[in-house]
There are 2 protein chains.
Amino acid sequence: MARWDPDAEGRLRAAALELFQEHGFENVTAAQIAERAGLARRSFFRYFPDKREVLFAGSEQLPAAVGQAFAAVSPDVAPWPTVLAALDSVGALLVEHATDAVRRREVIQASPELRERERTKSAAIALAIQTALEQRAVPSADATLLAHAGTAVFQQAFTQWVDEAGRQPIETCLAAAAERLERLIGI
Amino acid sequence: MARWDPDAEGRLRAAALELFQEHGFENVTAAQIAERAGLARRSFFRYFPDKREVLFAGSEQLPAAVGQAFAAVSPDVAPWPTVLAALDSVGALLVEHATDAVRRREVIQASPELRERERTKSAAIALAIQTALEQRAVPSADATLLAHAGTAVFQQAFTQWVDEAGRQPIETCLAAAAERLERLIGI
DNA sequence: ACCAGTGATGGCACTGAGTGCTATGGTGGG
DNA sequence: CCCACCATAGCACTCAGTGCCATCACTGGT
């Protein structure tokens with residue numbers, strides 16, 4: 001999305017984050033964001049397909065990372081540990097690119113529209129996990145369940161990581177969440 | 001949502017479903033739906049807060065059913081079985097009200113916008129499960145994981161139920177999905 | 001039968017998201 | 001110096017969603 005001028009794209013994202021934090025997502029127009037970034041309203045929609053996407057830059061990388069992470073895990077490993085290993089890679093990538101993670105999270109949580117979009121992003125990760133599992137001959141129904149359980153673990157781990165302000169590495173949070181889920185379900 | 005004239009509401013929902021199936025969600029305007037239902041465009045937005053909601057009528061009942069279902073389960077039961085028992089109730093309610101389930105599902109799957117909204121509906125169920133668990137003194141992190149795992153099972157079961165055209169009762173699909181997940185994760 | 005109150009509906013006008021099209025200005029290569 | 005290319009600006013349009021007010025039907029009271 002918008003690989004042309006990384007500088008202008010960054011200005012748009014920064015301007016949007018400031019304005020959303022100040023006035024709330026629904027009270028900020030695309031024209032205001034563009035103006036603060038020194039661009040025209042029309043150009044905003046050339047960088048981002050819609051107003052919500054300005055807060056989710058780089059999120060396409062996460063589903064892609066799932067595929068690569070799966071490739072790095074031996075096919076002999078059982079499905080669930082494979083999913084968890086892949087989540088480690090995705091988590092590392094997320095943390096690396098999450099400079100404004102906390103501020104972004106606050107803005108997203110404050111707006112139903114943005115929470116809705118965030119679920120779509122999570123669903124894209126889940127779909128990537130599911131297709132990667134199916135390529136390993138995991139039955140479709142199993143793949144769906146594992147993918148959703150994986151994203152549940154991922155979200156819980158990320159929430160914990162943010163709440164603790166990153167004092168623990170994301171891998172620790174992921175392992176803790178996975179263990180928690182296994183203990184809760186495996187009775 | 002729109003308790004005034006159930007007849008007009010039904011006409012709007014039927015008209016929307018037909019038009020969406022015929023031309024696709026994004027190629028149908030609210031005015032066209034209203035016209036086919038014999039109402040004005042303005043009235044459409046009095047029955048439904050936005051164009052997507054016309055396909056999700058009655059979905060508010062499902063989160064509410066979660067609370068009631070929890071109340072019917074003894075507090076001595078462990079959290080995960082409690083969640084599964086609650087899902088049985090929700091599933092029964094869903095099946096009961098799902099006259100156009102298959103057609104609705106097709107239309108929803110065909111539109112990214114509608115799929116996004118459907119995830120919001122699932123999230124509402126998950127939130128209801130989470131809060132119900134927290135009221136039973138389940139730690140917040142556990143409740144989040146259980147709620148998401150529960151909705152994963154629910155979605156998988158519902159998908160299977162629709163794919164099999166309802167030949168198996170929803171409870172059977174739910175039990176199968178739950179067992180599947182436990183087997184996959186509990187290693 | 002008349003009248004007043006209530007509430008659903010219709011019409012109108014407005015804001016803002018998103019989009020197609022065209023003009024313009026800046027920049028690199030010849 | 002000129003030309004081609006490309007990001008951007010500007011304009012005009014559709015459509016979602018909303019506030020406001022007029023209208024019409026229905027109801028109860030006299």
Side-chain angles (χ1 to χ4, degrees), chain A residues 1-20 22-57 60 107-108 110-118 120-121, chain B residues 1-20 22-57 60 107-108 110-118 120-121:
Chain A
M1 160 159 18
R3 20 194 171 340
W4 316 297
D5 187 345
D7 189 49
E9 185 188 337
R11 287 203 312 273
L12 283 172
R13 280 197 269 124
L17 187 54
E18 288 175 17
L19 287 168
F20 291 163
E22 196 172 345
H23 305 108
F25 175 78
E26 22 271 336
N27 300 318
V28 176
T29 70
Q32 293 171 336
I33 301 171
E35 189 191 1
R36 180 170 295 202
L39 290 177
R41 171 188 136 87
R42 188 63 183 87
S43 298
F44 177 91
F45 288 107
R46 229 175 250 110
Y47 278 93
F48 303 100
D50 65 67
K51 209 177 90 178
R52 307 161 208 70
E53 282 300 309
V54 72
L55 274 180
F56 296 94
E60 328 82 27
V107 172
I108 291 171
S111 155
E113 243 182 303
L114 290 172
R115 286 201 304 267
E116 192 167 63
R117 177 55 55 87
E118 196 186 36
T120 297
K121 301 301 182 181
Chain B
M1 166 155 19
R3 22 206 174 322
W4 316 297
D5 187 345
D7 189 48
E9 186 188 339
R11 287 203 314 271
L12 284 172
R13 281 199 268 124
L17 187 54
E18 287 174 18
L19 288 168
F20 292 163
E22 195 171 346
H23 304 108
F25 175 77
E26 21 271 336
N27 299 319
V28 176
T29 70
Q32 292 170 336
I33 302 171
E35 189 191 1
R36 181 170 295 203
L39 290 178
R41 172 186 134 88
R42 187 64 184 90
S43 297
F44 177 90
F45 289 107
R46 240 182 236 106
Y47 279 93
F48 303 101
D50 66 68
K51 209 178 90 177
R52 307 160 209 72
E53 284 298 311
V54 73
L55 274 179
F56 296 94
E60 328 82 27
V107 172
I108 291 170
S111 157
E113 244 182 304
L114 290 172
R115 286 200 304 267
E116 193 166 61
R117 176 56 55 90
E118 196 185 36
T120 297
K121 300 302 182 183

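Order of the sequence lines fixes the chain letters, A, B, ..., with proteins taken first and strands second; residue numbering starts at 1 for each chain. All values derive from a computational prediction rather than experimental measurement.
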Item to check | Electrostatic pair B:E113-B:R117, nearest N-O below 4.0 angstrom | outcome: no

Next on the checklist: A side-chain contact here means heavy atoms from C-beta on lying under 4.5 Å apart; do B:Q32 and B:R36 qualify?
Outcome noted: no

Checklist entry - Can you check the A:D50 CG to D:dA16 P distance for me, whole Å? => result 16 Å

Item to check | Interatomic distance, B:D7 CG vs C:dA8 C1' [rounded to whole Å] | outcome: 14 Å

Item to check | Donor/acceptor link under 3.5 angstrom from B:R41 side chain onto base of D:dG17 | outcome: yes

Checklist entry - Side chains of A:L114 and A:F56: does their closest heavy-atom pair fall under 4.5 Å? => result yes

Checklist entry - For the side chain of A:L39, counting heavy atoms from C-beta on, which of D:dA9, C:dG10, D:dA16 is nearest? => result D:dA9

Checklist entry - CZ of B:F44 versus C1' of C:dA8: gap in Å, rounded? => result 17 Å

Checklist entry - Toward the 5' end of DNA chain D, which comes first, B:R42 or B:T29, by nearest nucleotide? => result B:T29

Next on the checklist: When you measure only distances, ignoring hydrogens and angles, does the side chain of B:R46 come within 3.5 Å of the base of C:dG10 through a donor and an acceptor?
Outcome noted: yes

Checklist entry - Any donor-acceptor pair under 3.5 Å linking the side chain of A:R11 with the backbone of A:A37? => result yes

Checklist entry - When the distance from CZ of A:R117 to P of C:dA17 is rounded to whole Å, what number comes out? => result 14 Å

Checklist entry - When the distance from CD of B:Q32 to C1' of D:dC15 is rounded to whole Å, what number comes out? => result 11 Å

Next on the checklist: Checking contacts here: which listed nucleotide (C:dT19, D:dT18, D:dG10) is nearest the side-chain heavy atoms of A:A40?
Outcome noted: D:dG10

Checklist entry - When you check the phosphate oxygens OP1 and OP2 of D:dT8, does a side-chain N or O of A:Y47 lie under 4.0 Å from one of them? => result yes

Item to check | Test: B:K121 and B:E53 ion pair at under 4.0 Å | outcome: yes

Checklist entry - Is any side-chain N or O of A:S43 closer than 4.0 Å to OP1 or OP2 of D:dA9? => result yes

Item to check | Atom pair distance, as rounded to whole Å: CD in B:E53 and P in D:dT18 | outcome: 12 Å

Item to check | Protein-nucleotide distance (A:N27, atom CG; C:dT15, atom C1'), rounded to Å | outcome: 13 Å

